[in-house]
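Because only heavy atoms are used, hydrogens play no part in the values below, and waters and symmetry mates are left out as well, while side chains stay in.
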Amino acid sequence: MKALRPTFGIAPLFVAIALSAPASAEPLRVVASFSVIGDLAGQVGGKHIELTTLVGPDADAHVYEPRPADARALGRADVVLVNGLSFEGFLPRLVAASGTSAPLVELTESADILNDPNGGHYHFDGGEAVFHATPNDPHAWQSIANAKVYVRNIAKAFCDADRPNCPAYEANAKAYGEDLSGLDAHIKRTIAAIPEDRRTGVVGHNAFRYFERDYGVTFLSPQGVSTGSEASAAHVASLIREIRDQHAVAVFAENISNTRLIEQIASEAGLELGGTLYSDALSAAGGPAPSYAEMMRANARTIATAFGSR
């Protein structure tokens with residue numbers, strides 16, 4: 001019987017192919033709880049992740065009701081990115097329904113967090129308003145300094161789940177962080193140009209306290225840090241008095257909310273609507289705020305235009 005000749009010329013080729021193959025053929029399956037986090041995840045993950053965002057553009061996470069597809073997405077996820085601080089009131093029920101074993105990464109970890117003056121906020125759970133007691137304001141992404149913490153936490157989560165692509169995640173996070181630093185400086189210059197006696201406005205709910213702290217403006221609001229509870233007539237009347245006492249100069253709609261209440265407040269206070277601010281969600285792709293950076297830039301531009309008008 002003829003002996004088989006060893007294929008010396010082929011084996012090294014297979015070795016070369018194996019060595020040059022991608023470190024991870026399958027993308028990292030990532031679920032982001034809402035659109036702001038989804039954009040940050042995309043900036044860090046790039047082509048190495050498959051991204052699903054639960055609460056999409058112009059949608060209100062405070063009152064979001066999960067769908068069966070959301071449970072399926074969590075069930076197959078490798079990493080789940082959430083804000084934390086009880087912002088995603090729908091999440092505990094969804095996680096239980098999904099049976100996911102993926103780590104839930106709270107991106108507000110190590111961020112500079114403000115307290116919630118109301119001691120908690122409302123979310124809808126199964127169609128009912130449920131009060132979540134928490135000492136903290138969850139809208140930390142409205143500070144670019146905090147958003148940079150989110151980015152670092154995302155990079156770490158991706159590195160922990162996908163070591164071969166860690167250098168790419170870290171490089172993306174570093175480059176994006178530098179872009180955000182430039183944007184932060186731009187917004188500070190924009191707001192600094194507004195006279196100090198014209199830096200008070202009104203928004204639908206109290207989602208901009210981090211923006212206030214970082215950039216030196218003041219916002220009054222008929223609702224607390226959640227849209228999940230209605231403002232009472234007495235609260236609205238008190239707010240009108242406060243608007244006059246503090247000489248507010250503009251009223252802003254929010255992209256996630258019906259404008260009826262804020263239009264009523266503007267009419268009763270004798271103020272004009274100064275435009276739309278993006279609080280808890282990005283705009284759709286064709287809008288003025290399809291990314292986190294564009295959201296912050298658009299908000300600063302809208303505020304500066306309204307406050308600067310006489």
side-chain contact (heavy atoms from CB on, under 4.5 Å) evaluation trace for C159 with E170: CA-CA 8 Å; C159 283; E170 290 179 337; 3.9 Å; yes
Given the rule in the salt bridge (Lys or Arg N to Asp or Glu O under 4.0 Å) test, do R76 and E50 qualify, once you have shown the distances and angles that lead to the verdict? CA-CA 11 Å; R76 63 189 293 271; E50 177 190 305; 2.7 Å; yes
Kindly indicate, with the supporting measurements, whether the criterion side-chain contact (heavy atoms from CB on, under 4.5 Å) is fulfilled by I262 and L273. CA-CA 8 Å; I262 209 71; L273 279 177; 4.1 Å; yes
Going from CG on N206 to CD on E212, what distance comes out if it is rounded to the nearest 0.5 angstrom? 6.5 Å
Does one hydrophobic cluster hold both V149 and L180, with members joined at side-chain heavy-atom distances below 4.5 Å? no
Hey, does N83 have a side-chain heavy atom less than 4.5 Å from the side chain of W141? yes
Any donor-acceptor N/O pair, D78 side chain to R29 backbone, under 3.5 Å: yes
Within the side chain of H48, is there an N or O that forms a donor-acceptor pair under 3.5 Å with the backbone of P27? no
Residues which pass side-chain contact (heavy atoms from CB on, under 4.5 Å) with N146, listed by chain and number, not counting sequence neighbours: A111, D112, A140, S143, Y210, R213
Which pairs would a plain distance check flag for residues 33-45, meaning a side-chain donor or acceptor within less than 3.5 Å of a matching protein atom at least two apart in sequence or in another chain?
| residue | atom | partner | partner atom | Å |
| --- | --- | --- | --- | --- |
| S33 | OG | E88 | OE2 | 2.7 |
| S35 | OG | L282 | N | 3.0 |
| D39 | OD2 | Y292 | N | 2.9 |

Scan for side-chain hydrogen bond (donor to acceptor under 3.5 Å, both in side chains) pairs involving residues 239-252, sequence neighbours excluded, and state none if there are none. E242-Q246
Is the shortest heavy-atom distance from the side chain of Y150 to the side chain of L81 under 4.5 Å? no
Walk me through whether D280 and V55 qualify under side-chain contact (heavy atoms from CB on, under 4.5 Å). CA-CA 10 Å; D280 297 0; V55 187; over 6 Å; no
Nearest-0.5 Å distance, CZ of residue R209 to CG of residue D214: 12.0 Å
Under a plain distance cut-off of 3.5 Å, with no hydrogens placed, do H139 and D137 share a side-chain donor-acceptor pair? yes
Looking at A253, is its backbone amide N or carbonyl O close enough to the side chain of S257 to form a donor-acceptor pair, meaning the two atoms are under 3.5 Å apart? no
Which residues share a side-chain hydrogen bond (donor to acceptor under 3.5 Å, both in side chains) with D70, sequence neighbours left out: Y64, R67
Given side chains that start at C-beta, do those of I113 and L85 come closer than 4.5 Å, heavy atoms only? yes
Is the shortest heavy-atom distance from the side chain of V79 to the side chain of V31 under 4.5 Å? no
Distance col, row T218:OG1 vs E196:CD, nearest 0.5 angstrom, shows 10.5 Å
When rounded to the nearest 0.5 angstrom, what is the spacing between CD in E294 and CG in N299? 11.0 Å
For A306 against R198, the heavy-atom pair lying closest together: O-NH2, 4.1 Å
Quick one: list whatever passes side-chain contact (heavy atoms from CB on, under 4.5 Å) with E178, sequence neighbours left out. K174
L277 side, atom CG; F252 side, atom CZ - distance, nearest 0.5 Å: 5.5 Å
Test side-chain contact (heavy atoms from CB on, under 4.5 Å) on V217 and T200 and set out the steps. CA-CA 6 Å; V217 297; T200 299; over 6 Å; no
pair R93-P66: side-chain heavy atoms closer than 4.5 Å: yes
Quick one: salt bridge (charged side-chain N to carboxylate O under 4.0 Å, His left out) pairs with a partner in residues 143-156, sequence neighbours left out? K156-D160
Nearest heavy-atom approach of H205 to S279 is CE1-OG, 3.9 Å
Examine distances only and state if a side-chain atom of T100 and a backbone atom of V95 form a donor-acceptor pair shorter than 3.5 Å. no
Quick one: side-chain hydrogen bond (donor to acceptor under 3.5 Å, both in side chains) partners of E109, sequence neighbours excluded? none
Closest non-hydrogen contact found for A304 with T190 is CB-CG2, 3.6 Å
For I265 and P222, which heavy atoms make the closest approach, and how far apart are they? CD1-CG, 3.7 Å
Taking only residues two or more places apart in sequence, or in another chain, which ones meet S110 in a side-chain hydrogen bond (donor to acceptor under 3.5 Å, both in side chains)? none
With Y215 via ring-ring contact (aromatic ring centres under 6.0 Å, His included) - residues at least two apart: F211
Could you check if a side-chain atom of L114 sits within less than 4.5 angstrom of a side-chain atom of N136, using non-hydrogen atoms only? no
So, do L271 and V249 sit near enough that their side-chain heavy atoms are less than 4.5 Å apart? no
How long is the span from the CZ atom in R297 to the OG1 atom in T302, to the nearest 0.5 Å? 12.5 Å
Any donor-acceptor N/O pair, T305 side chain to R301 backbone, under 3.5 Å: yes
Taking N255 for the side chain and A281 for the main chain, is one N or O donor matched with an acceptor at less than 3.5 Å? yes
Among residues at least two apart in sequence or on other chains, which ones pass ring-ring contact (aromatic ring centres under 6.0 Å, His included) with F219? F208
Using only atom types and a distance under 3.5 Å, with no angle test, would you say the side chain of S221 pairs donor to acceptor with the backbone of G204? yes
Between R199 (side chain only) and F307 (backbone N and O only), is there a donor and an acceptor less than 3.5 Å apart? no
Under 3.5 Å, is there a donor-acceptor pair between the side chain of S283 and the main chain of A289? yes
Taking only residues at least two apart or on different chains, which pairs with a member in residues 261-273 satisfy salt bridge (charged side-chain N to carboxylate O under 4.0 Å, His left out)? none
Among all residues two or more places apart in sequence or in another chain, which pass the ring-ring contact (aromatic ring centres under 6.0 Å, His included) test with F158? Y169
Counting C-beta onward and ignoring hydrogens, is there a side-chain heavy-atom pair between M296 and L183 closer than 4.5 Å? yes
